[in-house]
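Contents: one structure, followed by commentary.
The chain is numbered in sequence order, starting from 1.
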Amino acid sequence: MAAADLLFIITNFILFWITVYFFPGSFLSITPVCSAVVTRSRVAMNCSVWFAVTFSFDRFVAICCQKLKTKYCTKKTVVIVLATTCILLCLQIIPFYFAIGPTEKIDNVPRSCKYKSSYYIEPGWMGYDQFDTVSFPLLPFALILLLNALTVRHILLASRVRKGLRGQSKAGNHSDPEMESRRKSVILLFSISANFILLCLTYVVCFLYYTLTGINPNDNVSSYIFQQVGWMLMNLSCSTNTFIYAVTQSTFREQVKSAVKYAVTSIIQLMDKQNNREQPTGVSSFLHSKIAIYILKLSSTE
């Protein structure tokens, strides 16, 4: 989920919007490249949302289905589920690439990208658009709500039973490792789910309202602004899971630190080799000492 969010931030905000506003006419504005960037952004967005669904289902199985937990909640299953989900989403988004055409031509080079006019009038494209809308975000929204409701119901019932069994004995006054572990899992689950539900709620309400009433949001300014605010919040929901992990999960933070340390160590080793070849005069040792002092200072402040 964190990787999908980071990919979405890179493709949608950095490669697309920043390029459009600050670097017009660049290589990324050529229509085939622009279409590829937009398509990859859609894949990353869908992956982020559907990974949230698979995560909710994983927590549902781990908390509510103890018999299935030993078979399903394994690293092998995680790899299979995520790989299958990613492949299916890529296959679903591939037609979207061919629905995008150039906005203009400059020196016979197609520039920028927008939906082709056929996308709005041909039955095949209209059916694809409806299928895409249902699969994102209506179906994930409904599944996350359902899975969370079932998980909360099970947790409340299990907590009452466990407290009743423990009673008012001395052991009941001490912390319960099982409940503590479950509490941390629930905090992470609800943080991610609530983030998705709250930020996507505006877009879902907007879509249902305009679909049921048959109103075109482009007919007036207020409807258009409401639609764009919903889409903006939807984009925001696909950019925050990385930060939620960083705040709630100590294991995730440790993995990030390990990755940064590995990158720094690799750079130092590369500089070592370069300095030993070109300047064997203690420059490497000097850099090592400076970096070591800096790391010690950071450790002491923490």
- Task: Sorted by first residue and then second, give each disulfide bond (SG atoms under 2.5 Å apart) pair with at least one member in residues 89-121; sequence neighbours left out.
- Result: Cys34-Cys113
- Message: Test: salt bridge (Lys or Arg N to Asp or Glu O under 4.0 Å). Region: residues 134-149. Which pairs qualify, not counting sequence neighbours?
- Response: none
- Residues that, via side-chain heavy atoms closer than 4.5 angstrom, fall in one hydrophobic cluster with Ile80: none
- Item | Phe141 and Phe196, any side-chain heavy atoms less than 4.5 Å apart | yes
- Message: Same cluster or not: Leu82 versus Leu6, using hydrophobic residues (I, L, V, M, F, W, Y) connected whenever any side-chain heavy atoms lie under 4.5 Å apart?
- Response: no
- Message: Using every non-hydrogen atom in the two residues, find where His154 and Cys64 come nearest and quote the distance to one decimal.
- Response: CB-SG, 3.4 Å
- If you measure from CD on Gln228 to CE on Met234, what distance do you get to the nearest 0.5 Å? 12.5 Å
- Item | same_hphob_cluster(Leu91, Val81) at 4.5 Å side-chain heavy-atom cutoff | no
- Query: Is there a donor-acceptor contact under 3.5 Å from the side chain of Ser223 to the main chain of Asn220?
  - Reply: no
- Under the side chain to side chain contact (heavy atoms under 4.5 Å, CB included) test, residues paired with Arg111 that sit two or more places apart: Ser29, Ile30, Glu104, Ile106, Val109
- Query: Is Tyr203 close to Trp231 at the side-chain level, that is, under 4.5 Å between some pair of heavy atoms?
  - Reply: yes
- Yes or no on side-chain contact (heavy atoms from CB on, under 4.5 Å) for Gln227 and Phe207, after CA distance, side-chain angles and deciding distance? CA-CA 8 Å; Gln227 182 192 47; Phe207 172 79; over 6 Å; no
- Would a hydrophobic clustering, with Ile, Leu, Val, Met, Phe, Trp and Tyr connected at side-chain separations under 4.5 Å, put Val134 with Val53? no
- Query: How does the hydrophobic cluster around Phe131 look, that is, which other residues are in it when side-chain heavy atoms under 4.5 Å mark a link?
  - Reply: none
- Excluding Leu233, membership of its hydrophobic cluster (Ile, Leu, Val, Met, Phe, Trp, Tyr; side-chain heavy atoms within less than 4.5 Å) reads Leu199, Val221, Ile225, Val229, Met232, Leu236
- Any pair counted as salt bridge (Lys or Arg N to Asp or Glu O under 4.0 Å), so long as it reaches residues 57-82, sequence neighbours left out: none
- Taking atom OH of Tyr119 and atom CE of Met126, what is their separation to the nearest 0.5 Å? 10.5 Å
- Check for a donor-acceptor pair, side chain of Thr151 on one end and backbone N or O of Leu147 on the other, with a separation under 3.5 Å. yes
- pair Ile197-Asn148: side-chain heavy atoms closer than 4.5 Å: yes
- Message: Could you see if Ile267 belongs to whatever hydrophobic cluster contains Tyr262? Use Ile, Leu, Val, Met, Phe, Trp, Tyr and a side-chain cutoff under 4.5 Å.
- Response: no
- Query: To the nearest 0.5 Å, what is the distance between CG (Leu143) and CG (Leu138)?
  - Reply: 11.0 Å
- Task: Heavy atoms only: give me the nearest Ser26-Phe23 pair and the separation to one decimal.
- Result: OG-O, 3.2 Å
- For Phe13, check side chain to side chain contact (heavy atoms under 4.5 Å, CB included) against everything at least two apart and list the hits. Phe8, Ile9, Trp17, Asn235, Ser239
- Which atom names give the shortest non-hydrogen contact between Asn195 and Ser237, and what distance separates them? ND2-O, 3.5 Å
- Not counting sequence neighbours, list each pair that qualifies as a ring-ring contact (aromatic ring centres under 6.0 Å, His included) and has a residue in residues 62-112. Phe57-Tyr72, Phe96-Tyr115
- Task: Let me see the working for Cys47 and Thr85 under side-chain contact (heavy atoms from CB on, under 4.5 Å), right down to the final yes or no.
- Result: CA-CA 8 Å; Cys47 284; Thr85 303; over 6 Å; no
- Quick one: OG1 on Thr202 to CZ on Phe226, what's the gap to the nearest 0.5 Å? 6.0 Å
- Query: According to the side-chain hydrogen bond (donor to acceptor under 3.5 Å, both in side chains) rule, which pairs have a member within residues 2-12, sequence neighbours left out?
  - Reply: Asp5-Ser48, Asp5-Asn241, Asn12-Ser41
- Message: I want to check something: taking the side chain as every heavy atom from C-beta on, are Val61 and Cys73 in contact at a cut-off of under 4.5 Å?
- Response: yes
- Got a second to check how far Leu88's CG is from Asn46's CG, nearest 0.5 Å? 11.5 Å
- Task: Check salt bridge (Lys or Arg N to Asp or Glu O under 4.0 Å) between Arg42 and all other residues, then give those that pass, not counting sequence neighbours.
- Result: Asp132
- Message: Just verifying a value: how many Å separate Ile14 CD1 and Leu28 CG, rounded to the nearest 0.5 Å?
- Response: 11.5 Å
- Query: Does Trp50 use its side chain to pair, donor to acceptor, with the backbone of Ser135 at less than 3.5 Å?
  - Reply: yes
- Do you reckon Leu7 sits in the same ILVMFWY cluster as Met45, going by side-chain contacts under 4.5 Å, direct or chained? no
- More than 12 heavy atoms from other groups under 6.0 Å of CZ on Arg253: yes
- Item | Under 3.5 Å donor-acceptor, Thr31 side chain and Pro110 backbone | yes
- Who passes side chain to side chain contact (heavy atoms under 4.5 Å, CB included) against Leu150, sequence neighbours left out? Phe60, Leu146
